[in-house]
Amino acid sequence: MIDFSQLPVPVVQAPMAGGVSRPALVQAVAEAGGLGFLAGGYLRAEALRDQIDAVRGRVDGPFGVNLFVPEPPRTEVDLRAYRQRLQPVAERYGVTVPEPNWADDDFFGEKVEMLLEERIPAVSFTFGMPEPKVIEAFRAGGSTVIVTVTTAEEARAAVNAGADALCVQGPEAGGHRSTHRMTDEPGRTSLVELLRDIRVGIPVIAAGGMTTGADIAAALAAGATAVQLGTAFLRSDESGAKQPHKDALADPRFTDTAVTRAFTGRPARALRTTFVESFDDAAPAVYPQLHQLTAPIRAAAAAAGEADNLALWAGTGYRHVRTGPAADIVEELWRQAVRLR
Ligand SMILES: Cc1cc2nc3c(=O)[nH]c(=O)nc-3n(C[C@H](O)[C@H](O)[C@H](O)COP(=O)(O)O)c2cc1C
């Protein structure tokens, strides 16, 4: 089991699906003394295995892989009204809004099998908990199992299911909230308060809104063993975030973030754009089918370099995010944090 308190730098680079946390980023963070994570979400097992091979060729020490835990599809919800709402934007880009695919479980089973074979040092789960027998199989194979939680209740359930460690995600976090049910409204208790509430006897990695040394120092002071940063790395040289996303994080036109289901059906924090303003109120809690419906629009917007129709995932600390090598970001944040501890 990985002892997170023994990492040279207790900074975990968040798994970021959609091509952001690519092997080069995992390598850079590992070389700076932190722990990097690959994101398995949206990938088939073989594509994820290729990334694992690439990391193994570059990193000697531990690294992690993250998976989305699927839920039974909400086939009872009618998506026709939302499809119609999206139609004018799709037409503008000359793309079609697809029919929902209710069989999409993100290839969870094939990825679990592959990761068990690969004996990954750390495996983390988001959007829910795998069955206890899956957790047990990973532990038996030597993987450290981390379950992402957003409430004290989810934390207790993860401990009971046999998790080695928790990733406690606060409401400040960029990207998807890891509520264990897609229909749950995400909590608003701040990360630091959550850390104080969740005392379950296993190590806690804190996530959400941390982009300064002071944020990191506060999370560690509140009981976290390590911190997990996503947004802080989005503009780094090694990040695979799309250029319009990187640019938007520093664009004074975007003055706020919002938690919205508009892009995927699950609550997620993004820069407040015209897309968020236009579709937030109409978006049903149906994941990943809303992700499928909006994907062609987002792809076309990315190709056109139009940030307003992209999912510009961002935590509340996005204003402090800098460019440059990820190793420099780790080093600078940790130096600031140490000074404040
Ligand atoms: C672009 C982006 C993609 C993300 N993708 C994932 C993911 O695939 N799996 C996951 O567990 N968390 C994902 N997250 C959430 C992070 O794990 C973490 O909770 C979050 O980044 C912490 O907040 P911060 O972004 O303010 O640092 C993502 C976050 C961002 C910003």
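Whatever order the structure lists them in is the order used to number ligands and atoms, beginning at 1.
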side-chain contact (heavy atoms from CB on, under 4.5 Å) with Arg319: of Thr257, Thr211, Thr255, only one passes, and it is Thr255
Considering only residues two or more places apart or on different chains, which pairs with a residue in [range] satisfy side-chain hydrogen bond (donor to acceptor under 3.5 Å, both in side chains)?
range	answer
residues 229-239	none
residues 213-225	Thr212-Asp215
residues 34-44	Arg44-Glu110

Judged by modelled atom types alone, do Thr179 and Arg266 share a side-chain donor-acceptor pair under 3.5 Å?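 Result is yes, a qualifying pair exists.
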Tell me whether the count of non-hydrogen atoms from other residues, nucleotides or ligands lying under 6.0 Å of NZ in Lys242 goes above 12.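 Not buried by this count: 12 neighbours or fewer within 6.0 Å.
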At less than 4.0 angstrom from any atom of ligand 1, which residues have a non-hydrogen atom? List them by chain and residue number. Ala14, Pro15, Met16, Ala17, Ala39, Asn66, Phe68, Thr126, Gln169, Glu172, Ala173, Gly174, Gly175, Ala207, Gly208, Gly209, Gln228, Leu229, Gly230, Thr231, Leu234, Trp313, Gly315
